[in-house]
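Just so we're on the same page: letters track the sequence lines, and every chain starts at 1. Everything numeric in this text was worked out from a predicted model, so none of it was measured.
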There are 2 protein chains.
Amino acid sequence: MDIFTTMQEERGRLSQSEIRIADIVLNDFEFAVNASIIELAGKADVSPPTVTRFCRRLGCESFSDFKVQLARTAYVGMRYLKPEPKSIAPADVAQDIITKAQNALFLLHRGLDVAAIERAANRLAGAEMIYAFGSGGNSSMIATELQNRLFRLGLRITASSDHSMQLMMAAAAKPTDVLIGSSFSGRNAELVRAFALAREAKVPTIALTQSESPVARAAEITVPVDLPEGDNIYRPTSTRIAYLAVVDILASLVAYRIQPQATVTLRRIKQQLVTHRDGDDRQLLGD
Amino acid sequence: MDIFTTMQEERGRLSQSEIRIADIVLNDFEFAVNASIIELAGKADVSPPTVTRFCRRLGCESFSDFKVQLARTAYVGMRYLKPEPKSIAPADVAQDIITKAQNALFLLHRGLDVAAIERAANRLAGAEMIYAFGSGGNSSMIATELQNRLFRLGLRITASSDHSMQLMMAAAAKPTDVLIGSSFSGRNAELVRAFALAREAKVPTIALTQSESPVARAAEITVPVDLPEGDNIYRPTSTRIAYLAVVDILASLVAYRIQPQATVTLRRIKQQLVTHRDGDDRQLLGD
DNA sequence: GGTTCCTGCAAATTATTTTCTTGATAAGTT
DNA sequence: AACTTATCAAGAAAATAATTTGCAGGAACC
C-alpha cells in the first residue's frame, strides 16, 4: 500500500512528535522529499532519531527508504490534496487536468475490487447476448464503449441510452443473457428499475457504479468505482477516465477468457486481438 | 524535464563509466532507487565519486536528489519499457492497463504543445458555430465529447461522424465558424478532404491528431497528440484517454476564456461552471 | 510505586562528497 | 617519430555530513 495512506491510517496510533512529523510531510511534501533527516527533524521540533523511528513505524527500512517511497507515490496519489490549479495559464490548467486524471486512475486502482471485476468478466464471456445500458453523456459513452470493445471479440452486444428501450430490453432478456449498466452517480432510478426487471427474470446483472448506491444494490454483481466527490463534481473527465479504464480491464479479461490459448505468449494473444480487430490494416481501428 | 529522458538524451555525451551507470539505472531501476551510492558504484564497477559526478552531470544536486527524481518519475513514465503484463491474472491485467493509461497521460503531458492548445481554445471560444468531426469508434467519441463539453458553456456546436455529412457541413461553414476534427492515426482521408474544403472557404480548422500526419498538415492549427506506436496498436484505450484529456484541457481553457472574471477566485469560477452545467441538481450531469 | 513507552543525547556507524593525484588520450611541437 | 603539454576521466583517501544505535531521563498510565 502507498505511504500516504499508511500515514493517514496510522495517524491515530502515532505519538505527539510523530504526528508533528506526519503533518509536515503531508502538508509540505515537496520539502519533505528534499530535506535531510536533520532538516525534517528541525522543522518538526524533534530529534533525528525520532524521525528514524517514525519511518520504521510506517514500515520503511530507513529514512532514505521512506523518502523514496514518498517520492514514488508523490508523483500521483497525493496531489488531490491541492485541488486548485496554480493559475488559469494554459500550462497550469493542463498540468492540473492531467494530474487529476492520473490520480483518478491511481485511486481507481487502489480501490479496485479485482474479484468483482473477474466475476463480471466471466459472466460477460459466457453470455449469449449482452445489453449495455447507460444514460447521459457520460454513462452512455461507457455503454457505447462496452459495445465497441466487446463486439470485436465476437460477442453479441447492444448498447442503449434510452430508458424506455432499456426497460423493454430488460423485459425481453433471457437468463442466458447479461445486462450490464453504468451510472456515475449510482442514482439513476430508471437503471435501477431495469435491473429489478431483469433480476425478476433471472437475468444476470452487472453494475459499474458507486458502491452502496441504489444502482449498486440493484445489481447482482457490482464493480465499484469510488472516487472522491470533488473530482466527480468539478471534473467529470477524471471519473470518466476511471470508468474507461474499468471497461478496458473488463474487455481484456473477457478477451483472455474467450481465447484461452495458454501456451501462446501474451504478446501473441495481443497480436491476435489486434488482427482480430483490424483485419490486415495496421491503422488503428475506426481511426 | 524528467530524469529518464535526460539520461537517454545525454547518453551520447557521457563517458564510458557513466554510460555503465546509466544502463544499470535504466535496466534495473528498482535496484537503483533502493541502492546506496556504494552499491550502485559497485555494480557499475566504478568508484562512488564517479556516481556523484554522474548525478551532477544530469542536473541533480546530489546523489540523493537523483534518487528522489528517479523515484518520482518512475511511478509512471518508465514502465513503458516493460510492455507486457506479468500474467493474465486479473490483478496484473488491471495494473498493466492502469499503468499504461497513466503513462499515456504522462507522455501526453511531456509532449504537449501548450501554445497550440491555447490558440485552439481561443478560436473555439470566439466561434459562432463549431463543427466537431471524427469517425470510427474512437474519434467519433472525441467529437461527441467535444460537443458534450462545449454546448454546456453556451457555445453552438454539432458533432458528426458521418463522412458525407462532414463534407456538406464543411462546405456550408462560414469564416466565423470553426471546424475541429480528431484522427488518432492522422490518416483519415475524408477528414483531410473536409479540412481542405473548409480552408478554401477560409473557415478556421483545428486538428487533434498525430503531428506530421496528413490530417495535421491539412489543418490550420494542429494540437499534436503523439504517443508511442505500440500503445496505439495494442491498447487503444491509452491513446483515447490522452485524447479525452486534451478535450478536457481545451474545454477548461474555453470556459476560462468565456467567463474571464479575473477577480473571482478559481474555485468560484469552477462552481459557476458546475452550476452552469447542472442547474440546481448536484447530481453529475447526464449521470 | 512500578511499568511502559516516548524522547533526546551522544556515540558509533555509515554514507556521501571533496580534494588530490594518477593515468590516459589527443593535439601540438621539435 | 618522439617528446611535451593540455585536458579530462576516474580512483584513493580524507573530510564531512547524515543516519542509526544504545542508553538514560522523564512523562504518562496503570
Heavy-atom contacts, protein to nucleotides 14-30 of chain D, under 4.0 Å, summarised as B (base), S (sugar-phosphate only) or - (none) per nt, yield ----SBBB---------
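Within a 6.0 Å sphere centred on CD of A/E39, heavy atoms belonging to other residues, nucleotides or ligands number more than 12. For B/E212, the CD atom is loosely surrounded, since the number of other residues' heavy atoms within 6.0 Å does not exceed 12.
The two residues B/V254 and B/A121 have their closest heavy-atom pair at CG2-O, 3.7 Å.
To the nearest angstrom, C1' of C/dT7 lies 11 Å from CZ of A/R20. Taking atom CD of residue A/Q16 and atom P of nucleotide C/dT7, one finds them 8 Å apart after rounding to whole Å. The distance from atom CG of B/D65 to atom C1' of C/dA15 is 16 Å, rounded to the nearest whole Å. Rounded to whole angstrom, the span from the CZ atom of B/F54 across to the C1' atom of C/dT16 amounts to 16 Å.
OP1 or OP2 of D/dA10 sits under 4.0 Å from a side-chain N or O of B/S15. When the side-chain nitrogen and oxygen atoms of B/R57 are compared with OP1 and OP2 of D/dA10, none of them lie within a distance under 4.0 Å. When the side-chain nitrogen and oxygen atoms of A/S17 are compared with OP1 and OP2 of C/dT7, one or more of them lie within a distance under 4.0 Å.
Residues B/L40 and B/F31 have side chains in contact (heavy-atom distance under 4.5 Å, counting atoms from C-beta outward). No side-chain heavy atom of A/E10 sits under 4.5 Å from any side-chain heavy atom of A/F54.
Ion pairing of B/D28 with B/K43 is present here, as a side-chain N (NZ or NE/NH1/NH2) and a carboxylate O approach within less than 4.0 Å. With respect to the salt-bridge test (charged N to carboxylate O, under 4.0 angstrom), the residues A/D248 and B/R240 do not qualify. A salt bridge does not link B/R20 to B/D45: none of the charged nitrogens lies less than 4.0 Å from a carboxylate oxygen.
Residues from residues 39-47 of chain B placing a heavy atom under 4.0 Å of any atom in DNA chain C do not occur.
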